[in-house]
There are 2 protein chains.
Amino acid sequence: MARSSTSARPAPQTRIQKAKREAIFDAALDVFSQHGFRGATLDMIAAGAGLSKPNVLYYFEGKEAIYTQVLAQILETWLDPMLNMDPAGEPLEEIRGYVRRKLEMAREYPRESRLFATEILQGAPQIKSLLSGALRDLVEKNGQVIAGWAAEGKIADVHPKHLIFMIWATTQHYADFRTQIDLVLGTGEDPFPDAQHFLDHMFTRMLNPDT
Amino acid sequence: MARSSTSARPAPQTRIQKAKREAIFDAALDVFSQHGFRGATLDMIAAGAGLSKPNVLYYFEGKEAIYTQVLAQILETWLDPMLNMDPAGEPLEEIRGYVRRKLEMAREYPRESRLFATEILQGAPQIKSLLSGALRDLVEKNGQVIAGWAAEGKIADVHPKHLIFMIWATTQHYADFRTQIDLVLGTGEDPFPDAQHFLDHMFTRMLNPDT
DNA sequence: GTCTATATTCCGATAGAC
DNA sequence: GTCTATCGGAATATAGAC
């Protein structure tokens, strides 16, 4: 009679339970990123996970709990482990490397990008504090590194925070607006190779201190 | 017994009817752009328009009809009257002018931008044909003008379509991700003046043919 | 743990009085 | 034309058998 049966829902214990929770997570990411929170239904998530609806609710307290936990999970990989400029590094390489990693993220994790975009578009009801806290500090810190490089003449004199916004906008665009890009390009081809080359070229031109 | 009472809903006739339809349109744009189609409710729209729910349904055939018509309406001002490069114009001015007008649109019509973004994020179910038709042609045409300028050495040699994507991404970002921008900047200040100057500066650097 | 059946809430749409 | 009241379907969540 120690510590069992006290919590409302089981913490992941056995391998099987963990696997099912992950299947639900994955299906939920699919559904929420495509339809938004309100547009998603438990039936869709259950079907995607290969479970019945009540069985999904055995593992999670409810639809909102699933959404909150999925969002929290993706923020760890999204907000923003890659924004970590080394003041001692080669400035152009540091920034271009960040652009490359962000574009790689957009390519590999488009569902996460779209879910994040949906959350922001709707006013970031669940992650306001994270944006004004941890993310703000991260932008402040890295912005100062960039400003330092500019002051030393190692890169062009650009507004650091808007540069970061521009990197976010241009890279995430290839995940969030992928539908539009594919339809406008018309070809069935992967836009990322061209995008990678284009962005590398453009940020190089923007940051070149010698012009 | 000529032509009355045949259509299911009244076409806008009197001034008052037209005004109420516009009030509904405006409220619907508010609600749909913030919550998406599924997240919006007729009660929200009715409240925003100052009408009862059945009264809203007197003027429109249903929720989906409202959404479709609002979307069609905004596309006229959004997709994309500003993308009209003059081959005989000054290249840098043509492109910078387009950036400026797009950013101005993001500032003046953020609801339209967000509704459009939501529609694309969810796979553009209603406007696929428009994207692969009219918009695709527009990008093709203007892309060739830009490519011509690059071939003549009047601007740097950049990938024209990805340049257009970049303009869309960077300008719309200030409408669609405004919540994030405000929280990250922390100050309550309008980000658009800095954005305007920053983007003008950056696109100038990107397109300068002499480097 | 997992299911079928069902309770409950919410929302789009309609009926009908005025 | 506009309202109150309500129907009917959909979706979240629960009950209870197995």
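Quick note on labels: first sequence line is chain A, next is B, and so on, each numbered from 1. The figures here come from the full heavy-atom set of this structure, side chains too, leaving out hydrogens, waters and symmetry mates.
Listed here is the closest heavy atom pair of B/T170 and B/I167: OG1-O, 3.3 Å. Taking all atoms of both residues into account, the shortest heavy-atom contact from A/I155 to A/P91 is CG2-CB, 3.6 Å.
Following rounding to the nearest Å, A/Y58 (OH) and D/dA15 (P) show an atom-to-atom distance of 15 Å. Atom CG of B/L51 is separated from atom C1' of C/dA13 by 16 Å (rounded to the nearest Å). Put simply, CG on B/D43 is 12 Å from P on C/dA13, counting in whole angstrom units. Between the CD1 atom of A/I66 and the P atom of D/dA11 there is a distance of 15 Å, rounded to whole Å. Residue B/I45 contributes atom CD1, which lies 12 Å from atom P of C/dC11 at whole-angstrom precision.
Taking only side-chain atoms of B/L42, from C-beta outward, the nucleotide of C/dC3, C/dG12, C/dT2 with the closest atom is C/dG12. The B/T41 side chain lies nearest to C/dG12 when the options are D/dT4, C/dT2, C/dG12. The side chain of B/K53 has C/dG12 as its nearest neighbour among D/dT2, D/dA15, C/dG12. Distances from the side chain of A/P54 to the nucleotides C/dA13, C/dT4, D/dC3 place C/dT4 closest. Of the listed nucleotides (C/dG12, D/dT2, D/dC3), C/dG12 has the atom at the smallest distance from the side chain of B/K63. Of the candidates C/dA13, C/dT2, D/dA13, C/dT2 carries the atom nearest the A/N55 side chain, counting heavy atoms from C-beta on.
Here the side chain of A/D26 pairs no donor or acceptor atom with the backbone of A/E22 at under 3.5 angstrom.
An OP1 or OP2 oxygen of D/dA11 is reached within less than 4.0 angstrom by no side-chain nitrogen or oxygen of A/R38. For D/dT2, one of the phosphate oxygens OP1 or OP2 lies less than 4.0 angstrom from a side-chain nitrogen or oxygen of B/Y59.
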Pair B/F165-B/H162, ring pair (Phe, Tyr, Trp, His ring centres under 6.0 Å): steps then yes or no: CA-CA 5 Å; B/F165 294 154; B/H162 285 270; 5.5 Å; yes
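Using a 4.0 Å heavy-atom distance criterion, A/A46 is classed as making no nucleic acid contact.
Taking the charged nitrogens against the carboxylate oxygens, B/E104 and B/R101 have no contact shorter than 4.0 Å, which rules out a salt bridge.
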